[in-house]
Peer 1: 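My questions will all concern the structure given below.
In what follows, every chain begins at residue 1, and chains take the letters A, B, ... in the order their sequences are listed.
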Amino acid sequence: MLTSLVKLLRVLNSEADPLQISLALAFAMVIGFLPFFSPINLIVLLVVLVVRVNLSAFILGAAFFSGIGYLLDPLFASVGLIALTSGALRGLWTALYNTTVFRLIDFNNTAVMGSIIVSAALFVPLVLVLNALIRQYRERILMWVEKSHIMQVFKATKFYKLYNTYSDIRSGL
Amino acid sequence: MKWIRWPGLIAFVASVALIAVLWFLIIDTLIKSGIERGGTAVVGAKVELAKADLSLFPLGLTLTGLKVTNPEAPMTNAIEAKRIAFTMDGTLLLRRKVIIDEMTVDGVRLNTPRKTSGEVKKAPKAKKAEKAGPPMLTFSVPDVKDILAKEDLRSLKAVTELKATVDGAKAKWTEELKGLPDSKKIEEYKKRIDNLKASGKDITGMAAGAADVLKLQEDIKKDLKRINDFKASIKDKADEYKKLAKEAASAPAKDIDRIMKKYSLTPEGLTNLSRYFIGGKLTEWFDSSLGWYGKAAPLLKQARKTDGVEVVKPVRGRGEYVRFKENSPMPDFLIKKALVSVNIPAGDIKGTITNITPDQQLLGTPLKFDFSGDRLKGLKSLKIAGVLDRVVPERPNDSVTMDAAGVKLKEVVLSQSKDFPVVLKDALTDLRLKAAVAGEKVDGRLTAGLKSVDISAGSTDGKNALQRGIASALSGVKGFDVAAEVTGTLNDYDLKISSDLDRVLKDSAANVVGEQAAEFKKKLSAEVAKQVDGPLKDLNGSLSGIDAIDGELKGLTDRLTGLLTEAGKKAAPGGFKLPKLPF
């Protein structure tokens, strides 16, 4: 837990582009919400590895969103069931059902469909919001935190020393 | 900043390759444990597999050493298969369709012993109501006192009730009798006649006396009429009571006949004695066959609808699967043809099973099986064929026929009774079975002709004469035919057995059974008489009371008639008759 927090702070405080971090977290959300063995996860992994997003943020985010996904599973199943049994979309689903690729990705599973819909709907807003938040954090909070008395005290703690040690080791790699 | 990192592609390929290698390394184990877990859950007893081997080119699976425990006998494998091999259509598999063109199942063996128990812990099932087997032969005369303690004697009840009715009527009639002329009244009439005799000495007296005589005659006639009316009114009832009493007297005999039929093995009851010996074994075989049919039937249960949208809960995992109409509907699972080789103690029988699928309504053809074997050890030929038809799921219609020629039967236990064990030591038979199950309704017929029969039954020098008779008759039997018919439902079927063995048994045992029945009847008659004779005597006493009333009435009538005659003589003294007037 402590190490994860260290990693998160390091990512946020790094020189990485905020968009790289927010995109990584958004992809992490997709992979976290989808069932673990879904073939779609392989496509997301390919994108994450090829597109230059922050891998640390992705790994941390995947762990975080998997937990959230587990809790929201009933919601995904309900959303998926509504979508898959919608009369208006039946033609589309029937066409996809007769396609090997879509059968392979289990699109007709309510949990898969629900998590695809929810993560697709949240993807862009999440990227934008996280991007803005990271920028705000770096521009205002990080500077203010650095100068605050609390931070001064914090810098004297074991946690801060651990953070620095970790940071130095990582820099030296 | 560059947004694409090509090394990531290499990392992806390496990761996927690593995953693929790991998957390929563990997939056999996963398949093996999946089959064992799934099979155990379905069968309700351990299903074990020695090895599973998946090949990718061509895509196929080979299973080795499959053992399915018999849940009813955990130390026995119901089925063992040495090797099961098949290939699958890879493209269809991507669409979640397991389509097997041809499967080979080699070295199937039935009922093989296990070294360890294959029992699995399961939730206690509601105990199925045990089907009553054929009644047991006790070979002894039943205890009369015990039987009469349980049975109501209808004759005793009838006699007691009739006596109460007769007593009631008798009391009522006795009371009514008091209102009729009695001795006092008759004395009064006599006195009046005497007075008339005394008064008729002169002509004036005679004239006055004639009027008194007429009055006296009128009074007597009135009383006679009352008595006759009363007699007539009780006559019908009295006759009815006498008739009922006569019937009641014969009722104990009917009671005896009824109890005899219920508790005693009568010579007529021997007409289906073979059921006692063959019924148990056949019931056991039918129960076992229907048990396995019951286990197999759900595997063919309709898995899906043919069109429209359908939500199907997955066995495990998350979410539910929603199905849509397919352009070219195909079953999710289908074995088009399975070549099966079954190794039975008599040798190998080979056959094919076609169209194994839970979606017969999609395929449009039922599952068919056809097995045969020739020149087997202890069995000349065997042919089994059948159809499991679920094409219209609402109207399942299954049938099987079996022909076995030259079957050698050895040491078949027909009765495990301690008192009277029956073992078919040797026999040669031709068997023919034809059975059909339509929904819950079962209808089957098994015929068998047994030749070169050697039966060992009980003991021919035992104490019980009936046992001795039957044992002697059975040991002399060299051949017989048996026909068994099963009708009813799967859960409650009726097994009717007929055999010419019955004639043999009847001939041999009828005398003994007749003697036993006579002994039983004698004891029963004595006990019934002991209970019924007393009340019957009382009833007759009550009926005698009615006769006494009748006698009393007759006496009164006679006396009044005598008085009437005497009064008439008074009206014409001298004893001559007056001529009748012509006007």
Side-chain angles (χ1 to χ4, degrees), chain A residues 15-17 19-20 23 34-39 41-53 55 69-70 72-74 76-87 89-115, chain B residues 1-20 22-23 26-27 30 34 59 88-99 304-333 362:
Chain A
E15 298 299 314
D17 189 316
L19 191 60
Q20 282 180 310
L23 264 176
L34 276 163
F36 185 76
F37 289 107
S38 172
N41 287 344
L42 274 181
I43 300 165
V44 176
L45 187 66
L46 173 66
V47 172
V48 167
L49 288 173
V50 173
V51 176
R52 198 176 293 275
V53 297
L55 289 178
Y70 180 78
L72 295 180
D73 199 44
F76 297 153
S78 302
V79 172
L81 187 64
I82 291 166
L84 288 167
T85 52
S86 156
L89 296 170
R90 187 184 294 183
L92 171 68
W93 302 140
T94 305
L96 297 182
Y97 192 74
N98 284 284
T99 313
T100 304
V101 174
F102 283 91
R103 288 297 298 280
L104 186 64
I105 64 168
D106 267 349
F107 87 97
N108 61 323
N109 181 286
T110 53
V112 173
M113 177 55 75
S115 49
Chain B
M1 183 186 72
K2 285 183 182 176
W3 274 96
I4 301 295
R5 53 179 166 207
W6 293 112
L9 188 61
I10 297 164
F12 175 76
V13 171
S15 306
V16 170
L18 186 67
I19 291 168
L22 285 175
W23 175 83
I26 63 167
I27 190 65
L30 291 178
L59 184 62
M88 291 174 282
D89 186 320
T91 319
L92 287 170
L93 193 63
L94 292 177
R95 301 182 69 173
R96 317 279 173 192
K97 304 274 185 193
V98 179
I99 308 293
R304 51 186 289 196
K305 291 200 298 186
T306 48
D307 57 3
V309 177
E310 182 192 0
V311 180
V312 181
K313 279 208 164 195
V315 176
R316 62 170 71 85
R318 302 191 302 176
E320 296 164 357
Y321 283 89
V322 181
R323 295 180 184 278
F324 299 91
K325 190 177 178 181
E326 288 173 300
N327 293 339
S328 310
M330 283 191 85
D332 289 348
F333 177 84
L362 272 181

Peer 1: What part of A/Val53 lies closer than 4.5 angstrom to a heavy atom of chain B: side chain, backbone, both or neither?
Peer 2: both
Peer 1: Heavy-atom pairs under 4.5 Å with chain B: which of A/Ala77, A/Pro35, A/Gly114, A/Pro74 has the most?
Peer 2: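 Max contact count across the listed options: A/Pro35.
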Peer 1: With side chains defined as the heavy atoms from C-beta onward, is the minimum distance between A/Leu42 and B/Phe12 less than 4.5 Å?
Peer 2: yes
Peer 1: Would you mind checking which part of B/Val16 comes under 4.5 Å of any heavy atom in chain A, side chain (CB onward), backbone (N, CA, C, O), both or neither?
Peer 2: side chain
Peer 1: At a 4.5 Å cut-off on heavy atoms, which part of A/Ser78 comes close to chain B: side chain, backbone, both, or neither?
Peer 2: neither
Peer 1: Within a strict 4.5 Å, meaning less than it, do heavy atoms of the B/Ile4 and A/Val50 side chains meet?
Peer 2: yes
Peer 1: For residues 8-18 of chain B, which residue pairs pass the salt bridge (charged side-chain N to carboxylate O under 4.0 Å, His left out) check, not counting sequence neighbours?
Peer 2: none
Peer 1: Name the member of A/Asp106, A/Leu45, A/Val51 that forms the most heavy-atom pairs with chain B at distances under 4.5 Å.
Peer 2: A/Asp106
Peer 1: Verify, without hydrogens or angle tests, whether B/Arg96 (side chain) and A/Leu104 (backbone) share a donor-acceptor contact under 3.5 angstrom.
Peer 2: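 Yes: the side chain of B/Arg96 pairs with the backbone of A/Leu104.
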Peer 1: Are any non-hydrogen side-chain atoms of B/Leu9 and A/Leu46 less than 4.5 angstrom apart?
Peer 2: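 The answer is yes, as the side chains (C-beta and beyond) meet within the 4.5 Å cut-off.
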Peer 1: Any side-chain heavy-atom pair from B/Phe324 and A/Asn98 closer than 4.5 angstrom?
Peer 2: no
Peer 1: Applying salt bridge (Lys or Arg N to Asp or Glu O under 4.0 Å), can you list everything that pairs with A/Arg103, at least two apart in sequence or on another chain?
Peer 2: B/Glu326
Peer 1: Short question: side chain of A/Thr94, backbone of B/Lys325 - any donor-acceptor pair under 3.5 Å?
Peer 2: no
Peer 1: Ignoring hydrogens and geometry, is there a side-chain-to-backbone donor-acceptor pair from B/Asn327 to A/Ala95 under 3.5 Å?
Peer 2: no
